[in-house]
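Quick caveat: nothing in here was measured; it's all calculated off a predicted structure. Every number for a ligand or one of its atoms is a count from 1 in the order of the listing.
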Amino acid sequence: MRRVRAYRVSSLAIRHRNLGEADRIVVLYTRERGKLSAVAKGVRRTRSKLAGGLQLFSHARVQLAAGRSLEIVTQAQPVHLFYHVREDLQRYAHASYAAELVDVMVEDQAADPALFDLLLSVLQGLDEEGDPPTLIQGFQLKVLGHLGHGPEVESCVGCGTRVGTRGAGFSVAEGGVMCERCGGSRTAARVTPAALQAMRDLVELPMEELARRRLTGSVREELGRLLQPFVEYRLPWPLRSAEFLEM
Ligand SMILES: [Zn+2]
């Protein structure tokens, strides 16, 4: 008998697919080991003790055993099930986007506790009364910034001078804000003072604070027009969940 190495992780279920009659392969984003795939045996049976903690978006303490190719879930103790996210279509769509964004941007088995905490906090914000578009736009900015993709929101990406809120441009390809001079000579969209200030706030403020804020309709729409292409430009392929977002 081969000795099976078991270990515990704090996990968020970000994707799953059915396997055979009653099993499921779950993709977990874990605080300790990053993204990993595991087999959850019998999880689709009504009496399965694993089901709650492995539902999409669930935060759980999970025990895993190393399998031959995939890990095997041996226990899943739910910490937070995010019922409100699951019951509300708009919140569900935004949570799906957040999970897919992390899924696409990270490699397997690369631990990143700060990114785990970001994903957990956006799910918490969505589960409480947070405004989904405000939270997701903040999440986009924070995740990309954390992974080193910007956008730069303070200094011109063309010449490095500090950019005020008036006359600023925003370049998807070059990675952030531009001063009036650089923005005029290259491909940069105009960005209104209100939208630029909002972008800076979303970068700066913690997710818990963003859960209490709501961007106005026009600022949210403008940020959507700037950030959606900015995110897509940095992804290997477009996110399936993006088409269900109402920003
Ligand atoms: Zn410049």
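- With hydrogens and angles ignored, the 3.5 Å screen pairs no side-chain donor or acceptor of Arg61 with any backbone N or O of Gln75.
- Using a cut-off of 4.0 Å between Lys/Arg side-chain N and Asp/Glu carboxylate O, Glu209 and Arg212 are scored as salt-bridged.
- The salt bridge (charged side-chain N to carboxylate O under 4.0 Å, His left out) contacts involving residues 140-164 comprise Glu154-Arg162, Glu154-Arg200, where partners must be two or more places apart or lie in separate chains.
- Checking Gln124 against Glu208 by side-chain atom types alone, no donor-acceptor pair falls below 3.5 Å.
- For the Zn ion (ligand 1), protein N, O or S atoms closer than 2.8 Å were enumerated as Cys156 SG, Cys159 SG, Cys179 SG, Cys182 SG, with waters left out.
- For the pair Arg234 and Phe230, the distance from NZ or CZ to the six-membered ring centre is under 6.0 Å and the angle to the ring normal is within 45 degrees.
- With hydrogens and angles ignored, the 3.5 Å screen pairs a side-chain donor or acceptor of Arg91 with a backbone N or O of Gly130.
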